[in-house]
**Student:** 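Starting off with a structure, shown below.
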Amino acid sequence: MNWETFPDYDALSEGAARILLDAIRADPKVILGLPTGDTPLGMYSRIVAACSREYRCFRDVVAFNLDEYVGIPRDHPGSYFAFMQRHLFKHVDIDPANTHIPNGMAPDLKVECARYERSIASAGGLGITFLGLGSNGHIAFNEPGTPFDSRTHVVALSESTRKANAAFFLDQPVPTHAITMGIATILDSREIVLLASGAKKRDAIARLRSGTQAGDFPASALGTHSNVRVLVDEAASS
Ligand code: GLP
């Protein structure tokens, strides 16, 4: 794992945006794995600003999001579909047909998980995947205990994750389940960039840095991958 420490969140966001934009310049048809959450917001706003100056920035880019809530319609502001429109997709020239997010409203969720895996594979596999980090070490919605060989699957959300996201669901109960890429799906990406900012990620970052792989700490699976960059700010770094 390659570690890069930035003085603060702004510098980390700038560094992450540069990596993503460089990946598009190197391969305009790059296949991105994209996260939601607070951490990537600064990266997305910088990308939007840069792409408003650049001609045809995302024109041939393909994007697969890591996860989506079950039972939340796409037009609900709490859905990850709505998050991605709000923070990235509606501001850049990406073809909507090239934006993929699991369908949490699918009548058969197992079939939907298999379909999502197939569509990643038939697009050519993930090229570069950006991840946030849960304070318990989760990546995407792979909570502690998720097998490292898991593929896209349905998960029951932990109470702490539901609490953390309650603000988006004032008009209805916080979702209990989500569809997430599995750990093995993420590890198949050719390159992985994990972002962590702020003191609440400090313990998880210290554990990741220790390098010990453990089933109760999903992010430690990244230690088995040969091309991982971890971008942290000083507050997250012990
Ligand atoms: C959620 C998302 C994850 C994200 C994590 C951390 O659980 N499913 O993909 O990495 O939250 O979020 P934040 O960046 O807001 O700390």
Side-chain angles (χ1 to χ4, degrees), residues 6 8-10 12-13 15-17 20 32-47 63-72 76-84 86-88 100-104 113 116 126 128-146 150 152-169 174-183 185-187 189 192-208 217-222 228-233 235-237:
F6 295 85
D8 53 28
Y9 176 68
D10 282 349
L12 177 143
S13 300
L20 195 149
L32 302 171
L34 293 178
T36 51
D38 288 340
T39 313
L41 288 176
M43 171 180 82
Y44 288 143
S45 66
R46 279 163 181 79
I47 289 167
F64 286 90
N65 264 80
L66 298 172
D67 43 18
E68 178 59 287
Y69 294 111
V70 166
I72 302 298
H76 187 284
S79 75
Y80 284 164
F81 180 92
F83 175 103
M84 291 307 295
R86 206 158 53 235
H87 295 294
L88 182 66
H100 303 269
I101 298 191
N103 178 9
C113 292
Y116 202 64
L126 299 170
I128 180 166
T129 298
F130 291 77
L131 301 173
L133 178 68
S135 36
N136 62 358
H138 75 228
I139 48 174
F141 268 136
N142 294 288
E143 297 282 9
T146 307
S150 54
T152 301
H153 61 287
V154 176
V155 283
L157 299 176
S158 70
E159 267 320 300
S160 63
T161 301
R162 295 185 68 222
K163 249 188 214 145
N165 291 296
F168 295 105
F169 298 100
V174 185
T176 55
H177 291 78
I179 294 178
T180 181
M181 281 187 200
I183 295 177
T185 318
I186 293 167
L187 292 176
S189 183
I192 296 172
V193 182
L194 182 132
L195 314 176
S197 165
K200 65 181 182 194
K201 302 294 166 71
R202 198 177 285 162
D203 291 348
I205 283 299
R207 196 165 172 196
L208 184 63
F217 191 66
S220 67
L222 301 176
V228 177
R229 296 167 79 163
V230 184
L231 275 52
V232 292
D233 60 12
S237 194

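These figures come from a predicted structure and were not determined experimentally. Just follow the structure's listing: the first ligand is 1, and inside any ligand the first atom is 1.
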**Student:** If you have a sec, work out which protein heavy atom is nearest atom 6 (C) of ligand 1 and how many Å separate them, to one decimal?
**Tutor:** Leu133 O, 3.7 Å

**Student:** Of all the atoms in ligand 1, which lie at a distance below 4.0 Å from a heavy atom belonging to Asp67?
**Tutor:** 8 (N), 9 (O)

**Student:** So which protein heavy atom does atom 4 (C) of ligand 1 come closest to, and at what separation?
**Tutor:** Thr36 O, 4.1 Å

**Student:** With rounding to the nearest 0.5 Å, note down the distance linking CG in Leu34 to CG in Leu66.
**Tutor:** 7.5 Å

**Student:** Under 4.0 Å from any heavy atom of Gly132, which atoms of ligand 1 are there?
**Tutor:** 10 (O)

**Student:** Please state which protein non-hydrogen atom is closest to atom 3 (C) of ligand 1 and give its distance, to 0.1 Å?
**Tutor:** Ala140 O, 3.5 Å

**Student:** Are Thr152 and Ile179 close enough that some pair of their side-chain heavy atoms sits under 4.5 Å apart?
**Tutor:**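 Of all side-chain heavy-atom pairs linking Ile179 with Thr152, at least one is under 4.5 Å.
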
**Student:** Within a distance under 4.0 Å of any heavy atom of Thr39, pick out the atoms of ligand 1 and give their elements.
**Tutor:** 13 (P), 14 (O), 16 (O)

**Student:** Are the aromatic rings of Phe169 and Tyr69 close, with centres under 6.0 Å apart?
**Tutor:** yes

**Student:** Check the surroundings of atom OH in Tyr9: do more than 12 heavy atoms from other residues, nucleotides or ligands lie under 6.0 Å from it?
**Tutor:** yes

**Student:** Atoms of ligand 1 less than 4.0 Å from Gly37 heavy atoms?
**Tutor:** 14 (O), 15 (O)

**Student:** Evaluate the side-chain proximity of Tyr44 to Phe83: yes if any heavy-atom separation is below 4.5 Å, no if none is.
**Tutor:** yes

**Student:** Mark up the atoms of ligand 1 that fall under 4.0 Å of a heavy atom belonging to His138, in ascending order.
**Tutor:**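 Every atom of ligand 1 under 4.0 Å from some heavy atom of His138: 1 (C), 5 (C), 7 (O), 11 (O).
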
**Student:** I'd like to check which ligand 1 atoms, numbered from 1 as shown, lie under 4.0 Å from a non-hydrogen atom of Tyr80.
**Tutor:** 1 (C), 2 (C), 8 (N)

**Student:** Considering only the protein, which heavy-atom contact is closest to atom 16 (O) of ligand 1, and what is its distance?
**Tutor:** Lys201 NZ, 2.6 Å

**Student:** Surrounding CG of Asp203 (heavy atoms of other residues, nucleotides or ligands, distance under 6.0 Å), is the total greater than 12?
**Tutor:**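 No - once you tally the heavy atoms of other residues, nucleotides and ligands closer than 6.0 Å, there are 12 at most.
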
**Student:** Of all heavy-atom pairs between Ile72 and Ser79, which one has the smallest distance, and what is that distance?
**Tutor:**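 Shortest heavy-atom separation between Ile72 and Ser79 comes out as CG2-CB, 3.9 Å.
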
**Student:** Is there a side-chain contact between Leu194 and Leu208, using heavy atoms and a 4.5 Å cut-off?
**Tutor:**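 Yes; the side chains approach each other to less than 4.5 Å.
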
**Student:** Please write down residue, atom name and distance for the protein heavy atom closest to atom 15 (O) of ligand 1.
**Tutor:**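 Minimum-distance protein heavy atom for atom 15 (O) of ligand 1 reads Asp38 N, 2.8 Å.
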
